[in-house]
Amino acid sequence: MKIENRLEEFESLGNDHIGTSSHTPMRQDAFILSNEEKIDIIKDDVRHIMETLGLDLTDDSLNGTPTRVAKMFVKELFVGLSPDKKPSASTFKNKYKYGEMLVEKNITVYSTCEHHLLPIVGKAHVAYISNGTVVGLSKMNRIVDYYAKRPQVQERLTIQIVKELQEVLKTEDVACVIDAKHLCVNSRGIRDVESSTVTSEFGGKFKEKETRREFLDYIKLETKF
């Protein structure tokens with residue numbers, strides 16, 4: 001009975017898309033295997049799944065799928081699990097004394113739901129107020145992409161982006177809003193194609209009503225070229 005209750009609990013967590021930690025759950029031995037060793041193991045597992053489903057892997061179209069999926073997992077979709085892939089965010093002194101909010105909006109997010117391994121696709125909007133240090137604009141995009149490239153829940157992703165920038169910039173004054181579609185909601189389960197999920201994390205001055213409102217107004221602005 002206890003096992004059945006635990007299984008129901010795990011199923012509920014996944015279907016309700018509830019995370020359990022602001023840190024990505026990782027085993028201590030996560031990096032003992034090389035990428036190539038991981039690919040060899042994963043491709044055998046993918047092959048087993050496909051064969052269990054009844055697919056004929058001698059077909060030319062399917063034969064290479066296990067290897068392709070394994071490489072995609074290790075070298076693309078989940079590359080953000082590797083600490084050595086973490087972007088080095090060079091900072092600079094704010095010599096021009098820019099003291100207002102800096103907003104990088106509409107950063108593309110491609111992530112993967114950790115409950116069903118289906119895509120999360122959306123936009124992130126990130127802002128900070130310098131306390132004497134600034135960071136290159138592209139580094140903000142790279143930080144978003146790094147934490148997105150792992151099995152995720154959107155709430156955790158939002159928090160991780162803010163915490164990383166707070167560490168890089170040595171300030172609490174960082175904010176992030178993410179608006180994304182979850183294919184685990186759009187293509188299965190409730191199959192609500194129109195819905196999206198919005199999460200936010202506000203630090204320091206962004207907890208103040210006026211500063212938060214200014215940020216939210218900026219991300220509503222339409223950008224035209």
Side-chain angles (χ1 to χ4, degrees), residues 10-27 30 35 38-39 41-50 52-53 55 57 61-62 64-83 85-87 104-126 138-165 176-201 219 223:
F10 293 147
E11 186 68 17
S12 177
L13 281 170
N15 285 332
D16 291 335
H17 308 283
I18 297 171
T20 56
S21 171
S22 62
H23 299 283
T24 302
M26 299 289 291
R27 298 201 321 266
N35 282 349
K38 290 179 181 180
I39 288 170
I41 294 170
I42 293 171
K43 72 180 182 183
D44 288 340
D45 292 335
V46 174
R47 179 174 292 275
H48 181 235
I49 290 170
M50 296 177 71
T52 301
L53 290 171
L55 295 168
L57 269 70
S61 181
L62 296 177
T65 298
T67 300
R68 284 191 292 267
V69 171
K71 286 182 176 179
M72 177 182 68
F73 277 7
V74 174
K75 296 186 175 182
E76 294 180 81
L77 293 188
F78 304 139
V79 71
L81 292 172
S82 301
K85 298 297 182 182
K86 186 176 180 179
E104 182 84 355
K105 63 176 187 170
N106 295 327
I107 301 172
T108 300
V109 172
Y110 283 114
S111 192
T112 304
C113 169
E114 69 180 35
H115 299 123
H116 295 94
L117 297 185
L118 286 171
I120 299 171
V121 183
K123 298 289 184 182
H125 313 285
V126 182
S138 67
K139 294 301 189 239
M140 297 169 72
N141 299 61
R142 294 181 190 281
I143 287 170
V144 170
D145 190 60
Y146 173 71
Y147 285 102
K149 289 296 188 292
R150 55 180 68 181
Q152 274 289 16
V153 291
Q154 189 171 319
E155 298 93 327
R156 179 195 299 140
L157 174 59
T158 311
I159 293 169
Q160 287 176 333
I161 291 167
V162 168
K163 285 186 174 180
E164 180 65 21
L165 280 167
C176 178
V177 170
I178 297 178
D179 183 5
K181 283 184 171 290
H182 294 236
L183 265 70
C184 48
V185 173
N186 302 144
S187 68
R188 59 157 299 282
I190 192 64
R191 296 185 183 179
D192 187 342
V193 180
E194 298 300 324
S195 69
S196 68
T197 300
V198 179
T199 51
S200 62
E201 179 73 6
I219 66 179
T223 304

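Hydrogens, waters and symmetry mates are skipped; everything else that's a heavy atom, side chains included, is used.
- Considering only residues two or more places apart in sequence or on other chains, E104 meets the salt bridge (charged side-chain N to carboxylate O under 4.0 Å, His left out) condition with none of them.
- When all heavy atoms of A148 and S111 are compared, the pair lying nearest together is O-OG, 2.6 Å.
- Side chain of R188 to main chain of C184: a donor-acceptor pair is present (N/O by atom type, distance under 3.5 Å, no hydrogens or angles).
- Rounding to the nearest 0.5 angstrom, the gap separating the OG atom in S61 from the CG atom in L55 is 10.0 Å.
- In terms of the salt bridge (charged side-chain N to carboxylate O under 4.0 Å, His left out) criterion, K71 has no residue partners (sequence neighbours excluded).
- Between L165 and V126, the shortest heavy-atom distance links the atoms CD1-CG1, 3.3 Å.
- For F78, the ring-ring contact (aromatic ring centres under 6.0 Å, His included) partners at least two apart in sequence or on another chain are F73.
- When every heavy atom of P66 is checked against every heavy atom of V46, the shortest pair comes out as CA-CG1, 3.8 Å.
- Of all the heavy atoms in P25 and R156, the pair that sits closest is CD-NH2, 3.7 Å.
- R47 CZ to T65 OG1: the interatomic distance, rounded to the nearest 0.5 Å, is 9.0 Å.
- Using a 4.5 Å heavy-atom cutoff, the side chains of P87 and I143 are in contact.
- With sequence neighbours left out, E164 forms a side chain to side chain donor-acceptor pair (under 3.5 Å) with K86, Y147.
- Note that the NE2 atom of H116 and the NE2 atom of H182 stand 12.5 Å from one another [nearest 0.5 Å].
- Considering only residues two or more places apart in sequence or on other chains, D145 meets the side chain to side chain donor-acceptor pair (under 3.5 Å) condition with K149.
- Qualifying side-chain contact (heavy atoms from CB on, under 4.5 Å) partners for D44, counting only residues two or more places apart in sequence or in other chains: none.
- For K75, the salt bridge (charged side-chain N to carboxylate O under 4.0 Å, His left out) partners two or more places apart in sequence, or in a different chain, are E36.
- Nearest heavy atom pair, residue K123 against residue V109, reads C-CG2, 4.1 Å.
- Every side-chain contact (heavy atoms from CB on, under 4.5 Å) that T223 has, sequence neighbours left out, goes to K105, F225.
- With rounding to the nearest 0.5 Å, the separation of NZ in K38 from OG in S82 is 5.5 Å.
- Under the 4.5 Å side-chain criterion, counting only non-hydrogen atoms from C-beta, E114 is in contact with V153.
- The side-chain contact (heavy atoms from CB on, under 4.5 Å) search around L53 returns I49, not counting sequence neighbours.
- Partners of M72 by side-chain contact (heavy atoms from CB on, under 4.5 Å), not counting sequence neighbours, listed by chain and number: V69, E76, L77.
- With sequence neighbours left out, the salt bridge (charged side-chain N to carboxylate O under 4.0 Å, His left out) criterion links K139 to no other residue.
- We find the CG-CZ distance between L62 and R68 to be 8.0 Å, quoted to the nearest 0.5 Å.
- Among residue pairs with one or both ends in residues 190-200, those qualifying as side chain to side chain donor-acceptor pair (under 3.5 Å) are Q154-T199, T158-T199, D179-S196; sequence neighbours excluded.
- Side-chain atoms of R150 and M26, non-hydrogen and from C-beta on, never get closer than 4.5 Å to each other.
- For the atom pair NE2 of H115 and CD of Q152, the computed distance is 10.5 Å after rounding to the nearest 0.5 Å.
- The two residues I120 and T112 come nearest to each other via the heavy atoms CD1-C, 4.0 Å.
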